[in-house]
Amino acid sequence: MTTLRILRAAAWADEVAAAFVERLQATPSLRVCLPTGATPIPAYDALAARIERGDASFAQATVILLDEWVGLPPGDPARCDTRLRAQLLDRLQVAPAAVHTIEVDAPDLDAAAERHAACSLDLDLVVLGLGMNGHVGFNEPGSFPDSPTRVVRLAASSRESAMARYGAATVPTAGFTLGMDRILAAREVWLLVTGERKAPILRRALRDPEGPDCPASYLRRHGGLTVFADQEAAALLG
Ligand code: PGA
């Protein structure tokens with residue numbers, strides 16, 4: 001079943017944070033996969049504030065990173081691990097019990113993908129942003145529900161966005177993503193979508209037949225999908 005939560009833009013971040021706190025309270029040992037990108041930033045701000053005031057704790061939780069650039073050096077400002085630390089993890093007074101970033105600096109990336117897939121078994125929750133082309137993580141168009149955790153070739157526009165949007169020092173050579181198979185196997189999936197520019201792709205993902213042109217459309221076959229959309233992003237859902 002898909003739960004669609006359409007929220008006022010001003011309330012969106014706090015509603016997402018409140019729902020996350022509820023999950024942490026119910027399951028302190030939550031195993032959660034988290035994205036970066038621009039969309040979750042206000043929700044992470046609100047979540048960090050709630051954690052700071054003691055609503056819940058990550059102390060027993062395990063955090064798994066959704067995706068990563070390949071070819072950027074450790075510490076690069078565009079790296080997803082750098083950004084997740086800055087946007088959320090470094091702001092928690094008590095660190096999560098475990099944080100699994102992605103071993104994109106390993107010599108054997110296929111082996112690294114197997115390890116990331118192994119540590120992403122048994123996820124309670126996967127949180128996702130929605131790409132303008134319908135991707136989730138780096139499961140780009142052409143991905144299928146059984147697409148595994150893997151290194152993916154990125155569109156030129158995606159590679160360039162690492163520099164243009166996030167200030168990467170160099171152009172990444174590839175992407176590394178949690179597979180659609182692991183996303184769809186999680187107990188719960190949240191899709192975070194804000195802003196008018198996402199309205200057409202959100203409509204495509206939720207209203208048209210599922211298909212590989214829009215990997216996010218496969219999320220509808222998950223029994224526990226919640227879409228947190230602001231009113232602007234939801235404007236074309238009818
Ligand atoms: P955004 O990216 O949150 O920065 O819009 C989402 C995505 O491309 O996955």
Side-chain angles (χ1 to χ4, degrees), residues 5 7 9 12-13 15-17 20 32-47 64-70 72 76-88 102 104 125-143 147 149-168 171-172 174-180 182-184 186 189-206 212-219 222 225-236:
R5 294 192 58 184
L7 302 159
W12 181 88
E15 293 282 347
V16 174
F20 197 99
V32 59
C33 179
L34 293 178
T36 52
T39 306
I41 292 175
Y44 289 159
D45 286 343
L47 178 58
I64 293 137
L65 185 59
L66 175 65
D67 55 5
E68 186 59 276
W69 305 102
V70 177
L72 301 184
D76 188 284
R79 284 261 296 229
C80 300
D81 52 7
T82 308
R83 283 162 40 231
L84 188 62
R85 284 193 184 100
Q87 290 167 9
L88 181 66
I102 298 179
V104 280
L125 172 62
V126 175
V127 182
L128 301 166
L130 176 63
M132 289 294 290
N133 63 357
H135 72 205
V136 283
F138 277 136
N139 291 286
E140 299 278 16
S143 301
S147 292
T149 299
R150 65 205 185 283
V151 175
V152 293
R153 185 205 289 251
L154 294 176
S157 60
S158 296
R159 295 205 314 272
E160 279 150 23
S161 82
M163 298 183 80
R165 292 185 67 187
Y166 305 121
V171 182
F176 187 126
T177 188
L178 187 73
M180 289 301 296
R182 286 289 186 272
I183 293 171
L184 292 171
V189 179
W190 291 2
L191 183 64
L192 309 185
V193 198
T194 55
E196 190 184 3
R197 72 191 186 105
K198 294 281 176 75
I201 192 64
L202 183 59
R203 183 190 161 80
R204 160 68 195 93
L206 297 185
D213 60 296
C214 179
S217 66
Y218 291 123
L219 301 177
H222 191 282
L225 172 66
T226 301
V227 180
F228 291 87
D230 69 6
Q231 288 171 330
E232 288 72 14
L236 299 179

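Order of appearance sets the numbers: ligands from 1, and atoms from 1 within every ligand.
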Would you find a donor on one side and an acceptor on the other, under 3.5 Å apart, between the side chain of Thr36 and the backbone of Leu84?
-> no

Among all residues two or more places apart in sequence or in another chain, which pass the salt bridge (Lys or Arg N to Asp or Glu O under 4.0 Å) test with Arg182?
-> none

Ligand 1: protein residues within heavy-atom distance under 4.0 Å | Gly37, Ala38, Thr39, Leu130, Gly131, His135, Arg165, Tyr166, Arg197, Lys198

Which heavy atom of Glu15 sits nearest a heavy atom of Phe228, and at what distance?
-> O-CE2, 4.4 Å

For Arg165, the salt bridge (Lys or Arg N to Asp or Glu O under 4.0 Å) test, sequence neighbours excluded, returns none

Can you sort out the partners of Arg159 under side chain to side chain donor-acceptor pair (under 3.5 Å), two or more places apart, ordered by chain and number?
-> none

Can you measure from CG (Leu191) to CG (Leu206) and round to the nearest 0.5 angstrom?
-> 7.0 Å

